[in-house]
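Note on naming: letters A, B, ... go to the chains in the order of the sequence lines (proteins, then strands), and numbering restarts at 1 for each one.
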Amino acid sequence: MAKNLLIVESPAKAKTIENILGSDFEVKSCYGHIRDLEKDDMGIDVNKNYAPRYIVPEDKQKVVAELKKLAKKAEQVWLATDEDREGEAISWHLCEVLNLDPKTTKRIVFHEITKPAIRAAVDHPRFVDLNLVNAQQARRILDRIVGFELSPVLWRKMSMRNSLSAGRVQSVAVRLIAEREREINAFGTTSSFKIEALFAAKDINNKNVTFTAEGSRQDTNQDAEKFLQSCAGASYKVRDIQVKPARKSPAAPFTTSTLQQEASRKLGYGVSKTMLLAQKLYESGFITYMRTDSVNLSDTAIADTRAQISKQFGDKYVQIRKYKNKNESAQEAHEAIRPTYMENATVKDADTNRLYELIWKRTMASLMADAELEKTTAKIDISTNKAELAAQGEVLKFDGFLKIYMEDKDDEDVEEGNEEGSLPPIRVGQVLDFKEMKAVERFTRPAPRYTEASLVKKLEELGIGRPSTYAPTISTILKRGYVEKRDKEGVKRDYRVLVLKLDKITKTTEQENTGAEKSKLFPTDLGLVVTDFLSQHFADVMDYGFTASIEHEFDEIAAGTKIWTKMVDGFYKPFKKDIENTLENAERIKGERELGIEPETGKRVIARMGRFGPMVQIGEANEEEKPRFAKLKANQSIETISYAEAMELFKLPRNLGKFEGEDVSVNIGRFGPYASHNKKFYSLNKGMDPYSVMLEEIAPMIEEKRVAKDERTIKVFEKEKIQVLKGPYGPYIKQGLRNFKLTKEQQDKAADLTIDEVKQIMEELKANPPKKKGAKKKA
DNA sequence: CAGTGAGCGAGCTTCCGCTTGACTT
């Protein structure tokens with residue numbers, strides 16, 4: 001029996017630390033928070049100075065029971081939760097639950113899992129910092145108040161039956177996406193003409209090459225033509241050449257947020273996928289902890305990386321840097337995300353290797369030498385006018401970190417047409433061999449829509465959310481239906497090109513694709529109307545600076561200069577007034593927009609939110625007549641749908657004629673477009689448009705779907721309406737809407753199951769349903 | 001599975017931040 005019990009948050013850490021500390025220590029994990037506010041009545045006694053009511057959630061009871069047992073036996077308990085606000089609170093909760101005195105129980109902290117760091121921590125224990133704990137309680141309680149007061153307002157004011165939610169983080173995340181969408185919709189594109197001259201010259205190998213030089217942009221088509229005209233018959237002479245050295249530095253080691261961004265840009269992963277793979281790597285011991293906001297590398301990691309760079313590329317490529325966090329909201333409880341052993345450049349598992357290699361390269365590059373460049377700018381005179389052209393070239397003199405890694409840019413930060421090539425050797429005074437000059441119409445672009453990762457980047461900049469919540473926050477706003485992730489097809493656009501060649505100007509119009517986007521976040525109508533509603537009635541909580549300002553107050557609580565209950569009270573009192581006022585006075589949320597008047601009837605055509613989502617409506621509900629309704633299509637929005645598009649929606653359902661003697665009609669239902677025939681329903685195949693599809697396409701589809709259904713069916717008990725079906729997880733039982741999972745053995749003999757056996761399996765599963773996450777019984 | 005669109009009102013939903021597995025049709 002070990003004398004000392006040391007408690008950390010993560011089980012993977014526990015193992016490593018136990019190895020470092022040896023047999024005097026038993027190291028256990030508490031798996032994060034062990035208590036939380038109960039849900040009834042917010043779990044807070046608002047009238048008793050916001051006294052919190054904490055409970056141990058069901059899924060934590062086993063862990064807590066075991067820790068209790070071990071704590072009782074141990075001579076000394078050490079609290080080694082993370083060194084940040086949440087970690088401090090976890091230590092305090094452990095004291096409360098394990099009957100330890102926070103004023104005397106040893107509390108230790110470290111930012112890296114290395115032998116010297118752990119040893120030093122054990123040599124310098126402190127006690128739980130109750131001010132910091134109170135800052136966390138204020139944070140927790142405030143978030144609970146915001147979430148549990150705001151969400152019910154939505155339930156009352158929205159006519160949708162979804163379980164809607166609002167919160168300090170998620171609601172602002174949706175707002176960012178909503179505002180970006182409106183910016184894009186309101187964006188007025190303008191164009192100008194880019195001037196580009198093409199010259200020929202000999203390179204150092206005496207080979208003929210071409211290079212381009214740019215002139216200043218021309219605002220209009222006429223300006224562009226006039227400019228080209230003024231260049232007709234000109235000669236072009238190099239007036240000046242400037243050569244400047246330049247350097248590029250590597251990016252800092254990964255944090256959760258930058259890892260998510262790069263994995264999105266380079267590998268196309270969503271943030272959940274990145275975190276899932278990183279978790280696997282962490283649990284297998286290949287990388288350090290993946291939920292971190294720190295860019296710091298431990299001394300041992302720096303030494304390890306330096307050795308690896310030297311070995312692989314030579315000392316010339318080593319450049320030790322100490323990275324500092326620019327982000328004020330960072331709490332830096334951990335190291336940056338890095339490989340645990342730099343000699344492993346890859347891992348065996350193909351699934352995780354791509355992410356691992358990214359982490360390995362980024363870590364290596366962060367301690368590699370700057371890249372050295374030479375930038376050349378040549379100014380070129382035009383003999384027939386006063387304008388000048390500029391040609392730019394860039395030569396890499398020393399690759400440094402670029403040897404293995406270069407951070408990608410977001411669409412947002414990429415400027416058009418600045419790709420730098422190399423220039424052939426030219427000298428001042430040289431008359432250049434002119435080929436042609438082009439004026440190409442270019443357009444201004446609105447800011448791009450957010451990807452999951454660029455949204456995380458923005459949230460982090462605003463100090464909203466934490467590394468452990470970025471991915472779950474995005475899942476939440478998707479699940480609630482406030483936001484959709486999808487592609488957008490581009491549209492064809494004409495652009496004008498003028499070419500001056502052999503002193504003659506030719507004008508052409510070419511086509512390009514514009515506005516195509518992949519895996520971007522779009523607000524739904526629900527997201528838009530809920531954002532408007534919340535912004536109108538709860539402007540302070542929806543403010544982008546709200547989190548930063550309360551964080552400032554949490555800092556004061558942590559410093560002991562502010563009382564947490566006073567801080568919470570200062571927020572709650574006016575907030576509660578807003579809640580009551582809104583419940584009493586605010587209209588129901590409709591998001592109504594008039595699209596026009598139907599000429600034949602004089603009835604209003606409106607788009608609005610209905611009980612089942614966005615819809616269009618002709619006429620008003622009154623005694624004489626029922627209005628006509630139609631659902632919006634997937635990519636349509638209340639804010640942008642036109643009158644003509646709305647009227648189009650009323651063309652469904654369409655009757656296509658008879659097949660096998662029965663009518664076939666198509667419509668759009670809850671699960672998308674479908675055909676109905678002989679009382680059966682068939683989802684339309686991808687690409688089939690219910691507005692235009694013909695019977696000739698539908699009939700064979702119905703036949704195909706009948707066959708596919710037969711293949712999925714293993715057995716049918718007609719009388720009991722029970723089916724045994726083949727699914728992606730093997731055979732299962734289906735009765736109505738309910739599915740019943742079979743065990744391995746039962747699956748193997750699925751085809752031979754009798755009705756009695758099936759019934760017995762169902763009875764057992766009904767009596768003992770498989771446990772679901774978060775399922776809890778009422779006390 | 002393929003309807004609906006008003007209002008009443010059982011009894012339900014809901015937050016953010018720490019952590020992993022259990023579960024999925």
- Message: Applying salt bridge (charged side-chain N to carboxylate O under 4.0 Å, His left out) to A/Glu592 and A/Arg604, what does each step give before you reach the verdict?
- Response: CA-CA 12 Å; A/Glu592 184 176 311; A/Arg604 283 173 79 225; 3.1 Å; yes
- Chi angles and distances behind the salt bridge (charged side-chain N to carboxylate O under 4.0 Å, His left out) call for A/Lys576, A/Asp569: CA-CA 10 Å; A/Lys576 184 71 181 172; A/Asp569 193 56; over 6 Å; no
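Nucleic acid contact for A/Gly465: sugar-phosphate only, since backbone atoms but no base atoms lie under 4.0 Å from a heavy atom of the residue. Counting any heavy atom pair closer than 4.0 Å across all strands shown, A/Gly167 reaches sugar-phosphate atoms only and no base atom. Using a 4.0 Å heavy-atom distance criterion, A/Ser29 is classed as making no nucleic acid contact. No engagement by A/Tyr470 is indicated, since no non-hydrogen atom pair under 4.0 Å with the nucleic acid exists. Residue contacts shown for A/Tyr682 are absent, as no nucleic acid heavy atom lies under 4.0 Å away. Counting non-hydrogen atoms under 4.0 angstrom, A/Pro152 reaches a base of the nucleic acid. Residue contacts shown for A/Arg466 are limited to sugar-phosphate atoms, with no base heavy atom under 4.0 Å away. Among the protein residues, A/Ala166 comes within range of the sugar-phosphate backbone only, with heavy atoms under 4.0 Å from sugar or phosphate atoms but none that close to a base.
The nearest heavy atom of DNA chain B to A/Arg588 and to A/His334 marks one nucleotide each, and the one closer to the 5' end goes with A/Arg588. For the pair A/Pro11 and A/Phe629, both in contact range of DNA chain B, the more 5′-proximal nearest nucleotide belongs to A/Phe629.
The listed nucleotides are B/dG5, B/dC15, B/dA2; the one nearest the side chain of A/Gln170 is B/dC15. Nearest to the side-chain atoms of A/Tyr282 among the listed nucleotides B/dT20, B/dC15, B/dT19 stands B/dT20. Comparing B/dT20, B/dT14, B/dG5 by their nearest atom to the side chain of A/Lys39 picks out B/dT14. Distances were taken from every side-chain heavy atom of A/Met615 (C-beta onward) to each of B/dT19, B/dC15, B/dG5; the shortest belongs to B/dG5. Ranking B/dG5, B/dC16, B/dC18 by closeness to the A/Glu9 side chain, first place goes to B/dC18.
A stacking contact between A/Phe148 and B/dC15 is absent: the pair does not combine a ring-centre distance of less than 5.5 Å to the base's six-membered ring with planes differing by less than 30°.
Side-chain N/O atoms of A/Arg140 and base N/O atoms of B/dC15 include a donor-acceptor pair closer than 3.5 Å. In the interface, the side chain of A/Arg139 is paired with the base of B/dC16 through a donor and an acceptor atom under 3.5 Å apart.
In this structure, the separation between CE on A/Met647 and CD on A/Glu598 is 4.0 Å, given to the nearest 0.5 Å.
Side-chain atoms of A/Ser10 and A/Tyr282 form a donor-acceptor pair, as typed in the model, at a separation below 3.5 Å.
Atom C1' of B/dT13 sits at a distance of 15 Å from the matching atom of B/dG9, rounded to the whole Å.
Within the 4.5 Å cutoff, the side chain of A/Ile550 has no heavy atoms near those of the A/Phe571 side chain.
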